[in-house]
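Okay, structure first, notes after.
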Amino acid sequence: MHAYNRLPGSGHNSPSSPPSSPSSLRSPRLRHGRSKALNRFTQPPVTLPQRLSFLILSLLLKRQGLFLFAPLLYISAMLFFMGTVSFDVVPVIKHRSPLGSIYRSPQLYARLKAEIHADNSSMDAISTIWKHPKGGEWRPCTKKSAGGLPESNGYIYVEANGGLNQQRTSVCNAVAVAGYLNATLLIPNFHFHSIWRDPSKFKEIYDESFFISMLKNDVRVVDTIPGYLMERFDRNMSNVLNFKVKAWAPIQYYKDVVLPRLLEEKVIRISPFANRLSFDAPPAVQRLRCLANYEALRFSSPILSLGESLVAKMKERSANNSGKYISVHLRFEEDMVAFSCCVYGGGAKEDEDMKAARERGWKGKFTKPGRVIHPGANRLNGKCPLTPLEVGLMLRGMGFDKSTSIYLASGKIYDSERHMAPLLEMFPLLQTKEMLASEEELAPFQNFSSRMAAIDYTVCLHSEVFVTTQGGNFPHFLLGHRRYLYGGHSKTIKPDKRKLALLLDNPNIGWKSFKRQMLSMRAHSDSKGIEMKRPADSIYSFPCPNCMCRVNKTEDSRLTFAT
């Protein structure tokens, strides 16, 4: 049997059909003549695609021997070389795990360590980091009312939930709502949260008398509701009408729905109150938010005193950099690492620790049927908290050398001995509040997470550079507060964590290439230092232009506020 007889569409009717004569295949005259006769009487006209197909099949059939014997030739050649070449020189292609699925930063540091410590190219990076980007310079211009207040429409009581800065949001929003409704605000109650577990009251975190005094011409604030009103509710606040306000409610909702009941009841309660007012509000409401956040809220004397003492110590330790230091907000506590579902090379122990932490904090949330965790995808999406090592690599790449003083604002670092060692190696002048303050100084705050966070907030606020690594309310408030204090520029480094994840996962990247990328990221943070608030943005992160005015501009170009 001929090989081509097994191919469909070869032009032969059966295996027994005789092969065409050689002369008929070679002679154009005979082939064409017979073809024309057949086509004229028995076959339809041949189309162009059919002709091309016939030509391709013909070429393949003429080389059928090569196709049949090619596999045999290949196998023979492999057997020959296997007998003469040693296996240890045959290249082996290794399978590389998916991007982001393995924590590779320690390997990268081990490979680049010598170059990092030998790099002396930094030219006083901390003094030259900020380059005055376009956008002009701004100054605070929150106006306070000079006249008295009309008769109050009633009392508003709110419960502020969450951690330190989520509670701060609630306080500022409550001031804005009370002022807009011409109501009297009762000092907000801080709700005890199961995660932060801080029972601190308002006056233990903020200077209550200063708060009341600063707002006296704009919003009435009191620490108690008159007894004759509370008698109507058996002196029990839980008997007071509670409004369940939806998240991000417009200020008009308070006027249309809340105010009529306030006038009727004289005392109303709103619980919970976090994020219950839209960021997009009229100037009169924004002015009250600015006034509360940037002027009226001042930490209590014990917190402020210790915070300012730590700032002075940091400046003293940064004398070689004109008293300028870097602050880093590092979110690498056990609960944060557990919630992120990222892996950090700790093996079976880390896996057990994280499972236990997730079950403690979020019972059943991560073990629901069908729930799949993808650590690699989380890392590539920029959702993994940066480790101390990764922060160190980033800052060294941005030009900060080992003489740079760093203040680390953080809770208890997970597996701190392993993770902190490389950061301390790169920045030996690093300090924390526990390193700067004595045990006696920290004792009054030690078991209160919000008070400890307030101390960190104070030291970070006055640093030359603030580095945020994970997001959240703490850096968002600092971002805006620093803009308010430093001419509209946040002086904040906010890394592109997606880009950083790819760079840290690259086994072939060199130090020069990595450093070039980090300097570009630093420049990007500088260019984003001054940004204007858009309608959906938080006024607590973007105080321009609602809380600030341009320098050297006429009064006509400044934003005026309703009073």
Side-chain angles (χ1 to χ4, degrees), residues 152-196 201-202 206 211 215 218-225 229-230 232-233 236-293 296-297 450 472-473 476-477 480 533-542 546 562:
S152 174
N153 288 326
Y155 293 82
I156 294 178
Y157 167 82
V158 302
E159 284 196 357
N161 55 313
L164 174 71
N165 290 288
Q166 191 171 352
Q167 290 173 342
R168 190 179 184 116
T169 303
S170 299
V171 172
C172 297
N173 287 348
V175 168
V177 168
Y180 188 77
L181 299 182
N182 187 33
T184 300
L185 178 67
L186 182 66
I187 287 289
N189 180 54
F190 286 175
H191 179 71
F192 180 80
H193 198 282
S194 59
I195 294 179
W196 286 274
K201 301 302 180 184
F202 184 95
Y206 297 106
F211 180 73
L215 294 172
D218 293 275
V219 182
R220 289 188 183 88
V221 183
V222 297
D223 57 1
T224 57
I225 295 177
L229 282 177
M230 289 305 297
R232 293 173 49 202
F233 308 101
N236 188 345
M237 188 59 72
S238 62
N239 293 330
V240 174
L241 174 68
N242 184 32
F243 270 90
K244 293 291 185 179
V245 180
K246 64 180 181 179
W248 314 114
I251 193 65
Q252 193 64 32
Y253 172 86
Y254 290 91
K255 182 178 180 180
D256 295 342
V257 179
V258 177
L259 180 58
R261 295 307 301 272
L262 174 65
L263 292 170
E264 180 182 342
E265 298 286 335
K266 292 303 179 183
V267 182
I268 62 167
R269 178 165 59 104
I270 307 177
S271 175
F273 192 68
N275 303 323
R276 292 303 190 270
L277 180 61
S278 169
F279 284 131
D280 187 13
V285 175
Q286 302 292 47
R287 181 185 71 84
L288 292 173
R289 279 171 153 169
C290 297
L291 183 60
N293 187 47
L297 279 177
S450 291
N473 288 310
H476 288 168
F477 265 90
K533 181 189 178 301
R534 294 165 296 185
D537 288 336
S538 167
I539 197 170
Y540 309 121
S541 296
F542 301 94
N546 296 97

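Below, each value reflects all heavy atoms present in this structure, side chains not excepted, and no hydrogens, waters or symmetry copies.
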Q. Yes or no on side chain to side chain contact (heavy atoms under 4.5 Å, CB included) for S278 and I251, after CA distance, side-chain angles and deciding distance?
A. CA-CA 7 Å; S278 169; I251 193 65; over 6 Å; no
Give me the atom names and distance for the closest heavy-atom approach of [X] to [Y].
| X | Y | answer |
| --- | --- | --- |
| E265 | R232 | O-NH1, 2.9 Å |
| S271 | K244 | O-NZ, 3.3 Å |
| Q166 | A274 | NE2-CB, 3.4 Å |

Rounded distance (nearest 0.5 Å) linking atom [atom1] of [X] with atom [atom2] of [Y]:
| X | Y | atom1 | atom2 | answer |
| --- | --- | --- | --- | --- |
| L262 | N153 | CG | CG | 6.0 Å |
| F233 | L241 | CZ | CG | 8.0 Å |
| Y180 | L288 | OH | CG | 11.0 Å |
| R220 | S152 | CZ | OG | 5.5 Å |
| M237 | N242 | CE | CG | 10.5 Å |
| N546 | K533 | CG | NZ | 6.0 Å |

Side chains of [X] and [Y]: closer than 4.5 Å at any heavy-atom pair?
| X | Y | value |
| --- | --- | --- |
| S170 | R276 | no |
| L215 | V175 | yes |
| F477 | R168 | yes |
| L185 | Y155 | no |
| E159 | P272 | no |
| Q167 | Y206 | no |
| F190 | K201 | no |
| I270 | Y254 | yes |

Q: Using the side chain to side chain contact (heavy atoms under 4.5 Å, CB included) rule, take N275 and T169 through it: C-alpha gap first, then chi angles, then the decisive distance, then the call.
A: CA-CA 7 Å; N275 303 323; T169 303; 3.8 Å; yes
Q. Do N236 and S238 have side-chain atoms, one donor and one acceptor, less than 3.5 Å apart?
A. yes
Q. With a 3.5 Å cut-off and no angle check, do the side chains of N173 and Y540 form a donor-acceptor pair?
A. yes
Q. What do the steps show when you test L181 against V258 for side chain to side chain contact (heavy atoms under 4.5 Å, CB included), and what is the final call?
A. CA-CA 9 Å; L181 299 182; V258 177; 4.2 Å; yes
Q.
Applying side chain to side chain contact (heavy atoms under 4.5 Å, CB included) to F211 and L297, what does each step give before you reach the verdict?
A. CA-CA 6 Å; F211 180 73; L297 279 177; 3.8 Å; yes
**Q.** Matching residue for F273 among V245, V177, V171, I156 - test: side-chain contact (heavy atoms from CB on, under 4.5 Å)
**A.** V177
